[in-house]
2 protein chains.
Amino acid sequence: MRVKSRKFTQLRNAHHREKAEDYVEMIQDLADQQGEARLTDVAKRFGVSTVTAHKILFRLQREKWITSKPYRAIFLTPRGKRLAMESKRRHKIVYQFLKKIGVPEEIAQIDAEGMEHHVSSETLKILRRRLKK
Amino acid sequence: MRVKSRKFTQLRNAHHREKAEDYVEMIQDLADQQGEARLTDVAKRFGVSTVTAHKILFRLQREKWITSKPYRAIFLTPRGKRLAMESKRRHKIVYQFLKKIGVPEEIAQIDAEGMEHHVSSETLKILRRRLKK
DNA sequence: TCTAAAATTTAGCCTTGGCTAAACTGGAGC
DNA sequence: GCTCCAGTTTAGCCAAGGCTAAATTTTAGA
Ligand SMILES: [Mn+2]
Ligand SMILES: [Mn+2]
Ligand SMILES: [Mn+2]
Ligand SMILES: [Mn+2]
């Protein structure tokens with residue numbers, strides 16, 4: 001009986017992980033594109049205030065996904081790098097799958113940004129297999 | 001430039017709508033299955049305390065998705081009924097699509113519970129078309 | 001070098017959605 | 001009709017993630 005509610009519990013957990021996934025992914029992108037990730041750029045790309053971004057980054061530092069010294073750039077920990085790679089891979093597969101079945105690029109981008117966090121590894125495997133065909 | 005961040009804004013909006021969608025869907029289910037939706041059953045099915053469910057239902061009432069009198073059952077407004085129907089339809093299509101491409105039932109249930117809220121009407125149309133084939 | 005602008009941090013506010021403890025109410029059953 | 005119990009509500013706590021205003025630090029340019 002209580003098993004019925006498990007999917008909602010997992011949904012709540014997914015939402016807790018979401019911010020971490022999107023942020024480490026973004027930090028990796030910025031490091032690749034600009035050499036380093038700065039708070040201002042992170043905030044700009046997410047469309048939030050620097051204060052909000054700063055608070056989220058503070059939590060991510062506490063949770064050991066990133067490191068940074070006051071007023072300096074942000075770096076991924078090894079653990080953070082791993083999460084970034086996995087997240088980017090998942091993101092790309094979901095996005096490409098959507099495009100493959102005929103979703104317009106812009107819409108695929110929006111949908112993938114949300115869907116990616118709710119795709120299990122089992123489902124991901126199946127999407128990837130379809131993508132290769 | 002600021003356009004780049006739109007997908008994240010939409011993601012945040014989707015998360016605000018999520019609880020409303022899942023709750024009205026559940027209220028409709030309970031009404032169908034037990035004649036009426038009671039707070040205790042709603043809380044049980046979501047795996048949260050009655051206090052949490054009560055607070056969420058209070059907000060949904062404020063936002064005119066539901067009505068209820070103190071210590072009484074919960075009812076959907078016309079607007080709430082419409083949202084429940086649309087949500088259930090979207091949920092079903094996503095779930096069935098996942099099963100169709102080979103995702104095991106239990107996993108499809110979990111993934112669909114999260115993914116459904118991030119599937120645009122354009123993507124939904126495409127999933128439905130594939131489902132019919 | 002010094003100063004002003006830009007970047008970052010801090011303070012303090014709000015809403016949502018979690019929780020436990022405790023109070024209250026309606027109704028079932030004696 | 002009364003009692004008591006299950007169901008509901010209220011009070012009060014917490015964390016996350018949104019904001020603006022203000023303080024602080026870094027850095028670029030004259
Ligand atoms: Mn995302
Ligand atoms: Mn649903
Ligand atoms: Mn759902
Ligand atoms: Mn989500």
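Here the structure is a predicted model, which means the values were calculated and not measured. Reminder, nothing fancy here: chain letters follow the sequence lines and each chain counts from 1.
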Pairing residues for B/Ile107 by the side chain to side chain contact (heavy atoms under 4.5 Å, CB included) criterion, not counting sequence neighbours: A/Ser120, A/Glu122, A/Thr123, B/Val103, B/Pro104, B/Asp111
B/Asp29: what forms a side chain to side chain contact (heavy atoms under 4.5 Å, CB included) with it, not counting sequence neighbours? B/Gln33, B/Arg45, B/Lys88
To the nearest Å, give me how far apart [atom1] ([X]) and [atom2] ([N]) are.
X       : N      : atom1 : atom2 : result
A/Leu60 : D/dA15 : CG    : C1'   : 14 Å
B/Gln61 : D/dT8  : CD    : P     : 14 Å
B/Leu57 : D/dT10 : CG    : P     : 13 Å
B/Ile56 : D/dT9  : CD1   : C1'   : 15 Å

Could you list by number each residue of residues 7-23 of chain B showing a heavy-atom separation from DNA chain C of less than 4.0 Å, or answer none if no residue does? B/Lys19
Please give the remaining members of the hydrophobic cluster of [X], linking ILVMFWY side chains under 4.5 Å, ordered by chain and number.
X       : result
A/Tyr95 : none
A/Val48 : A/Tyr23, A/Val24, A/Met26, A/Ile27, A/Leu30, A/Leu39, A/Val42, A/Phe46, A/Ile56, A/Leu57, A/Leu60, A/Trp65, A/Ile66, A/Ile74, A/Leu76, A/Leu83, B/Phe8
B/Met85 : none

Nucleotide by nucleotide, nucleotides 4-13 of chain C touches protein heavy atoms under 4.0 Å in the pattern (B base, S sugar-phosphate only, - none) ---SBBBBBB
Return no unless some side-chain N or O of A/Arg59 is found under 4.0 Å from OP1 or OP2 of D/dA15. no
Tell me whether the side-chain N/O atoms of B/Thr52 come closer than 4.0 Å to OP1 or OP2 in C/dG17. no
Are any of the side-chain nitrogens in A/Lys7 or B/Glu106 under 4.0 Å away from the carboxylate oxygens of its partner? no
DNA chain C: B/Gly47 or B/Arg62, which has the more 5' nearest nucleotide? B/Arg62
Got a sec, which pairs hit side chain to side chain donor-acceptor pair (under 3.5 Å) with one end in residues 67-83 of chain B, sequence neighbours left out? none
With A/Glu36, which residues qualify under salt bridge (charged side-chain N to carboxylate O under 4.0 Å, His left out), at least two apart? A/Arg38
